[in-house]
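To start, the structure under review is shown below, and the notes come after it.
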Amino acid sequence: MAGIAPIIAGHKSKSGIVARQGELSSFKVVLLGDNSVGKSWLMHRFVEGPINKVIGSTIGAALSAKKVPLDHDMELKLADAQSYADDNNLDLFMEVSARTDENVENLFLTVGYNLWMANISAAELSKKIHKDSKALVLAKRKLLRVPDTVTELTEVKILDLSHNNLTAIPKPLTNLTTLILSHNRLAQLPEIVVELINLIRLHVDSNQLYLLPTSIKQLKKLQVLDLSNNKLKILCIEDISSLKHLEELYVGGNPLTLGVIGSLMELLAKYPGRIIVDVAGEH
């Protein structure tokens, strides 16, 4: 596969906030690559649209610009590319084609949005907090990293980071009661999560978890634990049973051993009516 490497730089506004809604900020993307790999075609497709003319070879450097909104949900076609990225420990990888327009706009918007979120201030981010539920929803942003400023928002009770490209999270807020990490790229549950002693609901379904740390038993207030659609083969039933307030446990879609499934059924029989255990993934 011919390689094109983007180098990205952001420009802060005078207020120190990058790309606030309704405010113009700029990001510079430099495309580097070998001759005739499609750099000019890729840029033309993003800036101008369909290619209906012959684009000659670029001598030296070429500059193009486009204004785009960044504050909206994004859905990318990343199934195959994401698998490649996971196998090679890449933060972001996409199959991009200037000829067919596959993922061209998504590539630049993803880069732009991550730059914006990396530089957003706590004051600006706090405007996204739902006033009644105290929920901060950063879902479907294709975030590679969680903004550090999230940790300053102590009023947040519900944090939704689902449907991103996260492989880790920063030290979260100790006041959280709900943490949603569904549909990310977590290979293990961050140890930071078990420090959330007020957590009631934890959703880490549809990741790549292969092991649940024994420290999960520190979440004494946990009522809902969603581990479905991961790569878990074993679970420590003793750790699960130590969660005295647990009411719902979802483990469907994991390659659990028959022994673990049997132990879960025994747990269900031991606490009839207290806990729901889903091993079929039908919740």
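Index from 1, following the sequence.
- Counting all heavy atoms, side chain and backbone alike, L115 lies closest to N119 at O-ND2, 2.8 Å.
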Practice problem: Report the C-alpha separation of L176 and V156 in whole Å, then their side-chain angles, then the decisive distance to 0.1 Å, and conclude whether the side-chain contact (heavy atoms from CB on, under 4.5 Å) test is met. | Solution: CA-CA 6 Å; L176 285 181; V156 173; 3.8 Å; yes
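- Considering every non-hydrogen atom in both I120 and P147, the closest pair reads CG2-CB, 4.4 Å.
- Other residues, nucleotides and ligands place no more than 12 heavy atoms under 6.0 Å from the CD1 atom of I234.
- Looking at D239, its side chain never comes within 3.5 Å of a backbone N or O of I237 through a donor-acceptor pair.
- Atom CD of Q223 sits about 9.5 Å away from atom OG1 of T178, to the nearest 0.5 Å.
- Between L267 and S241, the shortest heavy-atom contact is CD1-CB, 3.7 Å.
- Checking side-chain atoms of N164 against main-chain N and O of K142 turns up a donor-acceptor pair under 3.5 Å.
- Rounding to the nearest 0.5 angstrom, the gap separating the CG atom in N254 from the CG atom in L209 is 8.0 Å.
- Hydrophobic clustering places L138 together with L166 (ILVMFWY residues linked when any side-chain heavy atoms are closer than 4.5 Å, directly or through intermediates).
- To the nearest 0.5 Å, atoms CG (L222) and CD1 (I240) are separated by 9.0 Å.
- Placement of L173 and I180 in two distinct hydrophobic clusters is found when ILVMFWY residues are connected by side-chain heavy-atom separations under 4.5 Å, directly or transitively.
- Listed here is the closest heavy atom pair of V204 and N230: O-ND2, 3.1 Å.
- Summarising the geometry, atom CD1 belonging to I216 is positioned 7.0 Å from atom CG belonging to L227; distances are rounded to the nearest 0.5 Å.
- Considering CG of L153 and NZ of K128, their distance stands at 12.0 Å, rounded to 0.5 Å.
- In this structure the side chain of K244 reaches within 4.5 angstrom of the side chain of Y271, judged on heavy atoms.
- In terms of hydrophobic clustering, with Ile, Leu, Val, Met, Phe, Trp and Tyr side chains grouped at heavy-atom distances under 4.5 Å, I200 and I158 are assigned to different clusters.
- Interatomic distance, OG of S126 versus CD of E152, reported as 10.0 Å (0.5 Å rounding).
- Hydrophobic clustering, with ILVMFWY side chains joined whenever heavy atoms are under 4.5 angstrom apart, keeps W116 apart from V137.
- Cluster annotation: I129 is connected to L159 through the hydrophobic network of ILVMFWY side chains, with a link wherever side-chain heavy atoms come within less than 4.5 Å.
- Note on residues 165-185: pairs passing ring-ring contact (aromatic ring centres under 6.0 Å, His included), not counting sequence neighbours, are H163-H183.
- When side chains are defined from C-beta on, I169 counts as touching L181, because their heavy atoms get closer than 4.5 Å.
- Side-chain contact between K220 and I197: absent, with no pair of heavy atoms (C-beta onward) separated by less than 4.5 Å.
- Considering only heavy atoms from C-beta on, H203 comes within 4.5 Å of V224 through its side chain.
- Remark: S263 pairs with no residue by the side-chain hydrogen bond (donor to acceptor under 3.5 Å, both in side chains) rule, at least two apart or across chains.
- Other residues, nucleotides and ligands place more than 12 heavy atoms under 6.0 Å from the CD atom of E195.
- For N175 (side chain) and T154 (main-chain N/O), a donor-acceptor pair under 3.5 Å exists by modelled atom type.
- The two residues N184 and N165 come nearest to each other via the heavy atoms OD1-N, 3.5 Å.
- No donor-acceptor pair closer than 3.5 Å links the side chain of N229 to the backbone N or O of S182.
- Every residue meeting the side-chain hydrogen bond (donor to acceptor under 3.5 Å, both in side chains) condition with H130, not counting sequence neighbours, appears here in chain and number order: S133.
- With contacts defined as side-chain heavy-atom distances shorter than 4.5 Å, the pair L264/L256 qualifies.
- Think of Y210 as one node in a network of Ile, Leu, Val, Met, Phe, Trp and Tyr side chains linked at under 4.5 Å; its network also takes in L211.
- P213 is linked by a side-chain contact (heavy atoms from CB on, under 4.5 Å) to L189, E191, S215, counting only residues two or more places apart in sequence or in another chain.
- With sequence neighbours left out, the side-chain contact (heavy atoms from CB on, under 4.5 Å) criterion links K134 to K157.
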